[in-house]
Each structure stands twice: as structure tokens, then as C-alpha cells.
2 protein chains.
Amino acid sequence: MAKAEMGHDHAHSYEAPTKLTRNQSMVFSALREQEKPLTAYAILDRLRGDGLRAPLQIYRALDKLMEKGLVHRLESLNAFVACQHEACSGHSTVAFAICENCGLVDEIEDEAVNREIERVSRERGFLPTRATVELKGLCAECR
Amino acid sequence: MAKAEMGHDHAHSYEAPTKLTRNQSMVFSALREQEKPLTAYAILDRLRGDGLRAPLQIYRALDKLMEKGLVHRLESLNAFVACQHEACSGHSTVAFAICENCGLVDEIEDEAVNREIERVSRERGFLPTRATVELKGLCAECR
DNA sequence: TCGCATATGTTATACTGTAACGCAACCGTT
DNA sequence: AACGGTTGCGTTACAGTATAACATATGCGA
């Protein structure tokens, strides 16, 4: 994955792997250290010692990290989690299985689920650009 | 008191239609008059003329309406929409196709999508209690 | 270098949702 | 009808989530 750190030649076919800024890498680290999803304000609390003070600093970093596919937002929790794959470039839909007991999140990429979502959209003439699939329940450890 | 969580097959009949309270029916009417989802505060604004003043009045009514299956919450919008079926109180998962152009929402109940979600959960030992499936894109009219 | 796009810092504010309290209406039992 | 439990209602205050607006700084390409 070490790629084009010194962007000299722009082959525009893949997404450009840009280096993270200081705030972005602090926010990303905070999320990676935690297995569980964190709200923006929880991230802020962890980073106050590192000089971050305002929610906007967190939200801006999160926006960029999501663009890069390094972080996902869990709509049903208003929280954010580090991608468990190698940077989901965002093309394929991912589902999240969220344990209501321990809080762990499993990131699921499943071909058949995506295919059925595509089919049901097509059947209705709906042209999807983004899908949110979040399951709440009990994980294998907690059930 | 305990209702069956799954496999409750009232295909067409509506079940135990408890009467709505005054606030509940005002909130429900506000949602039905609108094709599009409304936030709690948008509902409140529409009902100020009818004597409602506080967000909590809206949220309490919404909670009950969701319990009854008359209203759904759209997590990705922080908004609420009237059920398009006859009270989805059967706990089958519904998906929502949300048009990013016109704001219309199509409520989709699809067997195959649900089956694949069940399967992928089972494969990972995850025991789901609730699923959120929300698609963003362009509806048939707007594409 | 200049110029532009992006990143940052800060303050203030908007939007979304609950806690806690007391009172009122309803309902099933005496 | 009186009691007592449950649910609903109204209000104030507040917690939690997210963005607007503005100013400054930093990096990078022409």
C-alpha cells in the first residue's frame, strides 16, 4: 500500500492516496485505538490533551477521513468507526453489525446483500448512490 | 403483554388499533399530510398553532406512534415518516429509498433482502433484533 | 514568486433529543 | 363514587450533535 507518497505522476485511474494532515491523523488514531465507535465529542475529549479544542476540528477531520474511506459513520449511533478493511474506497456498500451489549461493531461486506439491494432498487426505478445498512443485536460473544 | 417479536402474521388485518391520543393523532396527521419525512422540530412548527409548544410533546407522540408501527424513523435524516403500509407492526425489516432530489421516500419490504441480511448475520453468529436499511439516490421521477 | 485551494483556529449558534418534576385523565377494582 | 395504578400532558431546563461565519496559516502548482 505504500504508494505515491511523492506524487510525481498522476495516474488518475485510482483514487489519490493523500497524506493525512495532523488533525486527520490524530482523529484517525483515536478511532483506531478504540475498537468501538466514538462520537465526535468523545473523540474531542480524547484529543484535548493534544491541542484540539473545538468540535469543528473533529468534524472536519472526520469528513475528510470518510471521503478517503478510512472512517465510517454509523447513522443509528451518531458515531464514527475506523474502517476494518484496507480503506473501503466507498464503492461497495458495507453493513455494520452493532452489538447492543458490548458495543463492538463488525463491518460486513457481502456480495449477496449488495446484489439484492441493487435488484430491489432497479425494480423500482431507484438509482442508489449510497446505502446505509446497520444491524443491531447481539454479537457472537454476547448472545 | 408480550407480543411475538417475529412471525406474527396478520397479513391484512390491522391489529388492536388502540385509539390515538390527541397529541399522537396531531403528530400523525402532520406526517400523513406530508409525503416527505419531517424532523421532530419541523412537526412542532406545524403544530404550534394547535397548542403544542415543546419538543418533548412531539418526541413522546413519535415514540408511541413508532411502537404502534404507524411511523418510522429515518436514521440517516434524523427524521420521521408515516408508514406507507397498514401499520408495519409486524417486525419485518423495511428498507427506505430516499430521493436526494425531491425528498420522497419509498418504503420497501423485500423478502430477499431480509433473507440475505438474516443469512449474513447467521454466518457471523450475530443475532439481529433490528435492521436499518436506508438507500439514498434518485427516485424514478428524478433520475 | 504569486495565487489559489486547502487546512486550521475560534466563537457563536443551530439543530436534535432527554431529564425531572408535577399535574391530569383514564381504567379496573372495590 | 372512592381508591390507586398507569399512562399521558405541560413545562423548564439541559445534554448531545453539528454547522455558520470569519480570520489566519500552510502547502503546492503555474
Side-chain angles (χ1 to χ4, degrees), chain A residues 4-12 15-31 36-68 70-81 103 132 134, chain B residues 1-2 16-31 36-68 70-81 103 132 134:
Chain A
E5 284 296 316
M6 332 179 84
H8 187 258
D9 193 356
H10 293 82
H12 216 290
E15 68 175 278
T18 8
K19 195 168 177 298
L20 297 185
T21 67
R22 193 179 63 94
N23 287 1
Q24 287 163 22
S25 57
M26 288 196 294
V27 168
F28 189 45
S29 297
L31 280 174
K36 303 174 184 179
L38 292 174
T39 67
Y41 281 77
I43 296 169
L44 178 55
D45 287 342
R46 282 157 204 263
L47 295 178
R48 281 190 200 282
D50 299 314
L52 294 193
R53 302 152 188 276
L56 203 43
Q57 296 176 294
I58 308 300
Y59 283 109
R60 290 200 277 225
L62 287 170
D63 285 346
K64 293 301 182 185
L65 291 167
M66 286 189 293
E67 278 178 18
K68 297 172 196 289
L70 295 171
V71 164
H72 299 292
R73 177 192 174 87
L74 298 175
E75 302 284 358
S76 66
L77 298 179
N78 293 326
F80 303 85
V81 69
T132 299
E134 299 178 13
Chain B
M1 50 158 287
T18 33
K19 193 167 178 303
L20 297 183
T21 68
R22 192 179 64 94
N23 288 1
Q24 287 162 24
S25 59
M26 288 195 297
V27 168
F28 189 45
S29 297
L31 281 174
K36 302 174 184 180
L38 291 174
T39 67
Y41 281 75
I43 295 169
L44 177 56
D45 286 342
R46 281 157 205 263
L47 295 178
R48 281 190 200 281
D50 299 314
L52 294 193
R53 300 153 184 273
L56 205 42
Q57 296 175 295
I58 308 299
Y59 283 108
R60 289 201 277 226
L62 287 170
D63 285 346
K64 292 301 181 184
L65 291 167
M66 286 190 290
E67 278 178 18
K68 295 173 198 289
L70 295 170
V71 164
H72 301 291
R73 178 192 174 86
L74 298 175
E75 302 283 358
S76 65
L77 298 178
N78 293 327
F80 303 86
V81 68
T132 299
E134 300 177 13

For this session: Apply side-chain contact (heavy atoms from CB on, under 4.5 Å) to the pair B:Phe80 and B:Leu31, showing each step before the final yes or no.
Result: CA-CA 8 Å; B:Phe80 303 86; B:Leu31 281 174; 4.2 Å; yes
Exercise. Looking at B:Thr39, does any N or O in its side chain come under 4.0 Å of the phosphate oxygens OP1/OP2 on C:dC15?
Worked result: no
For this session: Would you indicate whether the side-chain heavy atoms of B:Arg60 and B:Asn23 approach each other to under 4.5 Å?
Result: no
Exercise. Rounding to a whole Å, what distance do you find between B:Lys19:NZ and D:dG8:P?
Worked result: 13 Å
Exercise. Hey, is the main chain of B:Leu52 close enough, under 3.5 Å, to the side chain of B:Gln57 for a donor-acceptor pair?
Worked result: no
Exercise. Do you know which two heavy atoms are closest between B:Met66 and B:Arg73, and how far apart they sit?
Worked result: SD-CB, 3.7 Å
Problem set entry | A:Arg73 side-chain N/O to D:dA18 phosphate OP1/OP2 under 4.0 Å | yes
Problem set entry | Identified side chain to side chain contact (heavy atoms under 4.5 Å, CB included) counterpart of A:Val27 within the set A:Leu70, A:Leu65, A:Leu20 | A:Leu65
Seminar exercise, completed: Of the candidates C:dT11, D:dA18, D:dG10, the side chain of A:Phe80 sits closest to D:dA18
Seminar exercise, completed: Between CZ of B:Arg53 and P of D:dA13 the distance, given in whole Å, is 15 Å
Problem set entry | Toward the 5' end of DNA chain C, by each residue's nearest nucleotide, B:Leu77 or B:Leu56 | B:Leu77
Exercise. How do B:Pro55 and B:Gln24 order along DNA chain D: which one's closest nucleotide is nearer the 5' end?
Worked result: B:Gln24
Exercise. Between B:Thr132 and B:Glu75, is any side-chain donor less than 3.5 angstrom from a side-chain acceptor?
Worked result: no
Exercise. Once you round it to whole Å, what is the distance between P of D:dT17 and CG of A:Leu38?
Worked result: 11 Å
Problem set entry | Nearest-Å distance for atom pair CG/C1', residues B:Leu74 and C:dC15 | 17 Å
Seminar exercise, completed: Between its two end axes (five pairs each) the helix from C:dT1-D:dA30 to C:dT30-D:dA1 turns, nearest 10 degrees, through 30°
Problem set entry | Nucleic acid contacts of residues 57-66 of chain A, taken as heavy-atom distances under 4.0 Å to DNA chain C | A:Gln57, A:Arg60, A:Lys64
Exercise. Taking OP1 and OP2 of C:dA7, is either one under 4.0 Å from a side-chain nitrogen or oxygen of A:Arg22?
Worked result: no
Problem set entry | Nucleotide C:dC15, atom P - distance to CG of B:Leu44 in whole Å | 13 Å
Donor-acceptor pairs under 3.5 Å, side chain of residues 37-51 of chain B to any protein atom, not counting sequence neighbours: which ones?
unit_1, atom_1, unit_2, atom_2, d
B:Thr39, OG1, B:Ala42, N, 3.1
B:Asp45, OD1, B:Arg48, NE, 3.4
B:Arg46, NH1, B:Gln34, OE1, 3.2
B:Arg48, NH1, B:Arg53, O, 3.4

For this session: Could you work out which one of C:dT11, D:dT17, D:dT12 sits closest to the side chain of A:Tyr41?
Result: D:dT17
Problem set entry | Side chain proximity check, A:Phe28 to A:Val71, heavy atoms < 4.5 angstrom | yes
For this session: Starting at atom CG of B:Asp50, determine the distance to atom P of D:dC9, rounded to an integer number of angstrom.
Result: 14 Å
For this session: Indicate whether OP1 or OP2 belonging to D:dA18 is found under 4.0 Å from a side-chain N or O atom of A:Asn78.
Result: yes
Exercise. Below 4.0 angstrom from OP1 or OP2 of C:dT6, is there any side-chain N or O of A:Thr21?
Worked result: no
Exercise. Between B:Gln24 and B:Lys68, what is the shortest heavy-atom contact and its length?
Worked result: OE1-CE, 3.7 Å
Exercise. From D:dT11, C:dT8, D:dC9, pick the nucleotide closest to the side chain of B:Asn23?
Worked result: D:dC9
